[in-house]
Protein chains: 2
Amino acid sequence: MTIKEVCEKYDITADTLRYYERVGVIPAVTRTSGGIRDYQAEDIAWVENAICFRDAGMPVEMLIEYVKLYQEGDGTIDARTALLREAREVMLEAKKKYDIALAKLDYKIGRYEIAQKTGVLSWTDDEKDG
Amino acid sequence: MTIKEVCEKYDITADTLRYYERVGVIPAVTRTSGGIRDYQAEDIAWVENAICFRDAGMPVEMLIEYVKLYQEGDGTIDARTALLREAREVMLEAKKKYDIALAKLDYKIGRYEIAQKTGVLSWTDDEKDG
DNA sequence: GTACAACTTGGAGTGAACTCCAAGTCAAGC
DNA sequence: GCTTGACTTGGAGTTCACTCCAAGTTGTAC
């Protein structure tokens, strides 16, 4: 698969794919004899993971560290597990923040909807913040 | 409440609080006669909202826009509702991404845990990506 | 075999969101 | 009234994660 096809498949720019490879977010991609990237199933799996974890806020640094450990071999399985567990904790915390914000948002939207229907926006004392 | 007290209460730096005020993420904070910030309940409510929505990935630009609309008065209630609804959609999408990443993470952690117990890390064909 | 698009590289540039700094002002304790 | 520490401002600097660029190479279509 060419870089262009991977870009289109995952809606990501070629620059980002090359950047991921350059800094080590994914391991070196398979090349043709001419040096052009030719993504194999394994390369694509790494790309998919990178996008997935970046989308969940995992820092580039952490992905680089994971790839580095992976390349060092089976001796790093404990370290990799620890890294993934830490990432998991961070993600769960972040998700909680989303729930809190969504609750706040739904409450505010609800109040505005009532205001739109009645023409009156009523406030409680500790809530003079739009 | 002084800026320091607000910092400690919300675990945020004074620089960030001043930055939020400067760019309009929160409206101008109440001051003492000497010009020093003296956060009132309303100011604090704005700070709390700003932190909450930033934690859920809402861009600073969007918060600035909301405060601007709020300050323009009741005529902007429709616009504010639309803005909040859009923020809501974005947050729900982002939360989905977290769920996908968490599922992937849990699967990988599970595999590593088995590897740690048995000393063998087994792979399926399309999953040679650590 | 030559045009031409798509690829390659290293390195510089960008935007978002802070974060730091210098120079000065304010306020509480002695 | 003077020290000391926390506060003020405008502006510059930093970090993260890309994003763009120039100069050169590869590969396909005529």
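By convention in this document, chain letters (A, B, ...) are assigned in the order of the sequence lines, proteins followed by strands, and residues within each chain are numbered from 1.
Every residue was checked against the ring-ring contact (aromatic ring centres under 6.0 Å, His included) condition with B:Y39, not counting sequence neighbours, and none meets it. Partners of A:R31 by side chain to side chain contact (heavy atoms under 4.5 Å, CB included), not counting sequence neighbours, listed by chain and number: A:E21, A:R37. For A:E8, the side chain to side chain contact (heavy atoms under 4.5 Å, CB included) test picks out A:K4, with sequence neighbours left out. B:E5 meets the side chain to side chain contact (heavy atoms under 4.5 Å, CB included) test with B:M1, B:T2; sequence neighbours excluded. B:Q71 is linked by a side-chain hydrogen bond (donor to acceptor under 3.5 Å, both in side chains) to nothing, counting only residues two or more places apart in sequence or in another chain. B:D55 is linked by a side-chain hydrogen bond (donor to acceptor under 3.5 Å, both in side chains) to nothing, counting only residues two or more places apart in sequence or in another chain. Residues passing the ring-ring contact (aromatic ring centres under 6.0 Å, His included) test with A:Y20: none are found, sequence neighbours excluded.
Between B:T16 and C:dA17 there is no side-chain N or O to OP1 or OP2 distance below 4.0 Å. Here B:Y20 reaches the OP1 or OP2 of C:dC18: one of its side-chain N or O atoms lies under 4.0 Å away. For the OP1/OP2 pair of C:dC20 and a distance below 4.0 Å, the side-chain nitrogens and oxygens of B:Y19 include no atom meeting the criterion.
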Can you name the atoms? Protein N/O to nucleotides 28-30 of chain D N/O, anything below 3.5 Å, with the distance.
none

With the criterion being N/O to N/O and under 3.5 Å, what pairs connect the protein with nucleotides 6-12 of chain D, and how long is each?
unit_1	atom_1	unit_2	atom_2	d
D:dT8	OP1	B:R37	N	2.6
D:dT8	OP1	B:R37	NH1	3.0
D:dT8	OP2	B:R18	NH1	3.1
D:dT8	OP2	B:R37	NH1	3.1
D:dT8	O5'	B:R37	NH1	3.4
D:dT8	O3'	B:R31	NH1	3.4
D:dT9	OP1	B:R31	NH1	3.1
D:dT9	OP1	B:R31	NH2	3.1
D:dT9	OP2	B:R37	NH1	3.0
D:dT9	OP2	B:R37	NH2	2.7
D:dG11	N7	B:R22	NH1	3.0
D:dG11	O6	B:R22	NH2	3.3

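A donor-acceptor pair is defined here as one N or O able to donate and one able to accept, closer than 3.5 Å; such a pair exists between the side chain of A:D43 and the backbone of A:Q40.
Going from atom OH of B:Y10 over to atom P of C:dC18 covers 17 Å, rounded to whole Å. With rounding to whole Å, B:E61 atom CD is found 8 Å from C:dA17 atom P. Here the P atom of nucleotide C:dC7 and the CG atom of A:L17 are 11 Å apart, to the nearest Å.
Judged by closest nucleotide on DNA chain D, A:T13 is the one of A:T13 and A:T32 placed further toward the 5' end.
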